[in-house]
Structures are given as structure tokens and as C-alpha cells.
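For reference, the structure is listed below as C-alpha cells.
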2 protein chains.
Amino acid sequence: MARSPRPSDIGAFPRPSVAVDVAVVTVQPDGQLAVLVLRRTGDRAGQWALPGRFVRDRERLADSVAIALAEKCGLPAAALAGATPRQLHVFDDPARDDRGWVMSVAHLLGLPYERLSAHVAERADLALAPVRERRLQLPGRQRNLPYGQGAIVEYAVDELRRRYLEEPDPEGLLGADEFSLAELRDLHATVLDEPWQIDTFRRNMLPALTSTDTVRSGTPGRPAALYRRSR
Amino acid sequence: MARSPRPSDIGAFPRPSVAVDVAVVTVQPDGQLAVLVLRRTGDRAGQWALPGRFVRDRERLADSVAIALAEKCGLPAAALAGATPRQLHVFDDPARDDRGWVMSVAHLLGLPYERLSAHVAERADLALAPVRERRLQLPGRQRNLPYGQGAIVEYAVDELRRRYLEEPDPEGLLGADEFSLAELRDLHATVLDEPWQIDTFRRNMLPALTSTDTVRSGTPGRPAALYRRSR
DNA sequence: CGGCGTTATCGCGTCCGTGCGTTAACGTGA
DNA sequence: TCACGTTAACGCACGGACGCGATAACGCCG
């Protein structure tokens, strides 16, 4: 008769499947915060959901996120260059998936709109769902994300806003290395869902920005100075 | 020949062992922030480490934390009453454990000293390691925690401090439902590692406290008013 | 009962951040 | 070259927060 598994035996116990889910957040040209959703195949076919995937053998979570976005959404590695998924929360309800015991590690990933728009435009199974009050407005008649993914969106929006209160464009949503204060301010106003007075914004941000000593001209008016993030 | 695993087949891929680790944080009577460490048996026998355990079949992470503290440290359910472990980060380096592929979900749990002291006193394999600059001063000659657990301590201290900047005693470290402003202030000064001016502290905290309309007397001087947290 | 010690409260000067009106700077376009 | 529009910078009034000294309140103890 086999001995009972000892607690330190690593294979002694059933293991969960581990999945990653990712809220890919962007800002549309109209100034709307939005999250990438994918129309599912297989389980819950037809429903819009956040991209995700099961973790493969000895795979890092961040790598799983990148591969999920590549395989499911067609986003090449170049689209993710310089962007780091951030862990939000582990969802561990053993009943959360009909197919078996799954733990899902939810992530936040900020991407500039330019890296997403072509893919979203050319595929009917991708969409950008606007964020309203920490919830997504999904295309069609679907009200809620499956698998309790609404909670992931809330975690993601909260974390995004916390970070945007602390430093200029931490998720690199602007997409460009150099930007004007007005561009940065519009972005922060979008993410935080509240306006900034330009003097206050300038005072708060300048210590964390580096002047490029260049300007953006081409329109009437004084050219705007361009900045980079200091780190 | 068996077909290749389809991506949605839940059992199709190897799965990691999932472990929980927990930084149990408390404040000693001398006003020192400290974290519970346990002398290991089995793998890395003799070394001090944070408590933790592999997750059992269909077990919730928070339950695993509680069971780990009960089984490894002798902390009964009563010791954890009202305390909720908070997820900090998933450590997913496939090489982090010699025994195989392990993902560890690190947690923070605040406990009042009174719930720990008897257990620590009666067991030679438990200790409270003081926190200095987001690192632990381990007993004996051991400099570092194994398995990269030093990073867990840093996450835990950062999260603790962030929370103590936002509300009065969110982790319930005082242990009592009712407390004086001086007690609360001393606690916050310990956690945040910096003092508070009493007027400023009072102004900041009172909106989040409820007066009990009782006082603590028994020593010379004006009796201190007692408060509860408003939520 | 009064002195003492401790906590609570208060008045107030100072400092700092905000936001607004004004001025300056700088391209664009006629 | 000048008017215009936009951005940047500035001066400053105002309000809020801070911290300190002073005062009040309240048990304890002799």
C-alpha cells in the first residue's frame, strides 16, 4: 500500500490548471478609455471576453499573456514591445470554470491605440469596448463578461488610475516617446475621468519629465514644447 | 495516434504546483514591526522561511494560507479570526524550486501580537523577525530568506504602508476593537516608520473613526477617549 | 481639596498648493 | 510685417493644512 503523500512531495496533490486573463487597456482617438475584447470560440462561443489562455509547461505568466495576445488576437511581439503586463489578482474559485479546477491570474496591459487599431479593424472577432464606470460596454446585446471577468476590469481600471495619479503615462498609452503637456494632460484626464487645470498639471508633472528642447509646430499658435518621461 | 491537445482542453497541458506563501506581519510591544518566520524541515531544513504550503485539490488560496498557518505554525482558526490574507504577487520563475515547477502566490496577513506571542514563545521553530528597511533580520546567522522570499517581504511592507496611509489600522494590528488616538498613532508611526504630529494625525484620522463615548482611565492624566474604526 | 500629569481643544501664524488673470513667446498665414 | 491663435510663464489672492503654544478638561494621588 503506497504511503500517504508527504506534504513536501511536490507532485503529491492535484494541481489546478492555471490561466492568464488580460485587460488590454487603450485610449481611442476620441478620448475614450477602452479595453480589448475577443469573441470566443469553443466554450461560450460567440460571447465577448477578455483574452486569455492556459499556461503551458514551465511558462512564465507574462509570456503566457504575450502568447495569448499573439495567438488569439493576432498581436505580434512588435505590438507589445516595451509593454509589461502587470498582475492584478488571482481568481481562485474552484467552480469558476465548468471544465475543471482553474486558477486565473488577471493582468493589466496598457497599449497605445496605434498598436491595436489595425488588428481590431481587420478582424470581426476583436473589438474595443469603452469603459464606463469601471465596466465595459460590450458590442451587441451582451451585458456582462463571462467567468466573472467584470471583476478583472474593475481591478484593471483601479490599478490604471492609481498608477496615473502617481506618474506621467506609466503604461505608455501615448505611444510616442515625445509628447506635449497638452497631450499628456488629455491622456491623464481620460484615464482618471476628470479634468486637470493646466497650471496644476504642469507643476505636478514637470518634475517627472525631461524637456527635449524641441517643439511641435505646424499649427497656428505658439508651438508646444515636447517632453519625455524621465524614467 | 492521439490528436494534439486542443487549446481549450483543460487537462491538455502540464500544470504547475501552486503554493501559497504568507508574510504574517505584526507589531511587537516594543513598537517594532516584525514578520513571522518558521524554521524549515524537509527541503532546506534548518533555514528560517515564511510559512507556506502547497494548495490542495480545489482549495481556495485564502484557505490554504489559513491551513498553512495552522499546520506549520500551530495558529488555530481563532488566531486568524477577522483577518484576511491579501494577495501580493505570483512568483512564477519555473526554476525557483528544485523539486519542480511551482508557482507561489504571496500574501500579506496582519495579525495582532497577542494572537502570535504565545505560539512563538512555546515553539523553538517559530520567531518574529524585525523589519528593517523592508528586509527581515533573521535569527542566528542566516542573512536571507530562501526561495527569493525577500521579495515577498518587500511587497508586503510596501502594501502594508500603502494601506496605512489610507485608513486607520486596516489590518487590525491593534487587536482591540476600541483604542485611543495615541495607541493608533503609535501603531501608524511604527508601520510607516515615521512619526506623526498629534494634531495633524487627529485631523486626518477622526473622519474615519467613531467615538465610543467611553474613556480609558487608570493612569494619571486626562483619560484618553476611545474610538472604533468606522468600517 | 489641590497639585500633577496627560489628553483634548483651540487660536493663530505660517506655509504651500491651486487657479485665475495677465503677460510673454512663438509660429502661422495673409 | 503684423494680426492671430496657442502655449508658456508669471504674479498673486485665496483657501486649506500644518504645527505650535496656550488653555481647558479630567482622573489620580497624596
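Just so it is clear, the values below take in all heavy atoms, side chains as well, and ignore hydrogens, waters and symmetry mates.
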inquiry  = Once salt bridge (Lys or Arg N to Asp or Glu O under 4.0 Å) is applied, what residue pairs with a partner in residues 185-201 of chain A remain, sequence neighbours excluded?
reply    = none

message = For chain A and DNA chain C, what are the first and last nucleotides along the strand, 5' to 3', with at least one atom under 4.0 angstrom from a heavy atom of the protein chain?
response = dT18(C) to dT28(C)

message = Can you list everything that forms a side chain to side chain donor-acceptor pair (under 3.5 Å) with Y164(B)? Sequence neighbours excluded, please.
response = D169(B)

ask   = What's the shortest heavy-atom distance between A81(B) and R115(B), and which atoms?
value = O-NH1, 2.9 Å

ask   = What is the distance from atom OG of S230(B) to atom CG of L209(B), rounded to the nearest 0.5 Å?
value = 6.0 Å

request  = Please name all residues satisfying side-chain contact (heavy atoms from CB on, under 4.5 Å) with Q47(B), sequence neighbours left out, ordered by chain then number.
outcome  = R44(B), Q142(B), P146(B)

ask   = What is the nucleic acid contact for A182(B), judged by heavy atoms within less than 4.0 Å: base, sugar-phosphate only, or nothing?
value = nothing

ask   = When rounded to the nearest 0.5 angstrom, what is the spacing between CZ in R162(B) and CG in L192(B)?
value = 12.0 Å

message = Once side chain to side chain donor-acceptor pair (under 3.5 Å) is applied, do any residues pair with T26(B), and if so which ones, sequence neighbours excluded?
response = none

ask   = Which of residues 188-204 of chain B have a heavy atom under 4.0 Å from DNA chain D?
value = Q197(B), D199(B), T200(B), R203(B), N204(B)

query = Within the distance-only criterion (no hydrogens, no angle test), does the side chain of Q149(A) pair as donor or acceptor with the backbone N or O of L50(A) below 3.5 angstrom?
reply = yes

request  = Give me the ring orientation class for F91(A) and Y155(A): parallel if the planes are under 30° apart, tilted from 30 to 60°, perpendicular past 60°.
outcome  = perpendicular

ask   = Which pairs count as salt bridge (Lys or Arg N to Asp or Glu O under 4.0 Å) when at least one residue sits in residues 132-145 of chain A, sequence neighbours excluded?
value = R134(A)-E154(A), R134(A)-D158(A)

task = Quick one: list whatever passes side chain to side chain donor-acceptor pair (under 3.5 Å) with H188(A), sequence neighbours left out.
result = none

inquiry  = Between R222(A) and L206(B), which residue's closest nucleotide on DNA chain C lies nearer the 5′ terminus?
reply    = L206(B)

query = side chain to side chain donor-acceptor pair (under 3.5 Å) with D125(A): which residues, sequence neighbours excluded?
reply = R123(A)

Would you tabulate the nitrogen or oxygen pairs shorter than 3.5 Å linking the protein to nucleotides 28-30 of chain D?
residue : atom : partner : partner atom : Å
dC28(D) : OP1  : G218(B) : N            : 3.2

note = Per-helix bend value, the helix from dC1(C)-dG30(D) to dA30(C)-dT1(D), C1' rotation axes over five pairs per end, 10° rounding, shows 0°

Under 3.5 Å donor-acceptor pairs involving side-chain atoms of residues 214-225 of chain B, not counting sequence neighbours:
residue : atom : partner : partner atom : Å
T214(B) : OG1  : T212(B) : OG1          : 2.7
R216(B) : NH1  : E183(B) : OE1          : 3.1
R216(B) : NH1  : E183(B) : OE2          : 2.5

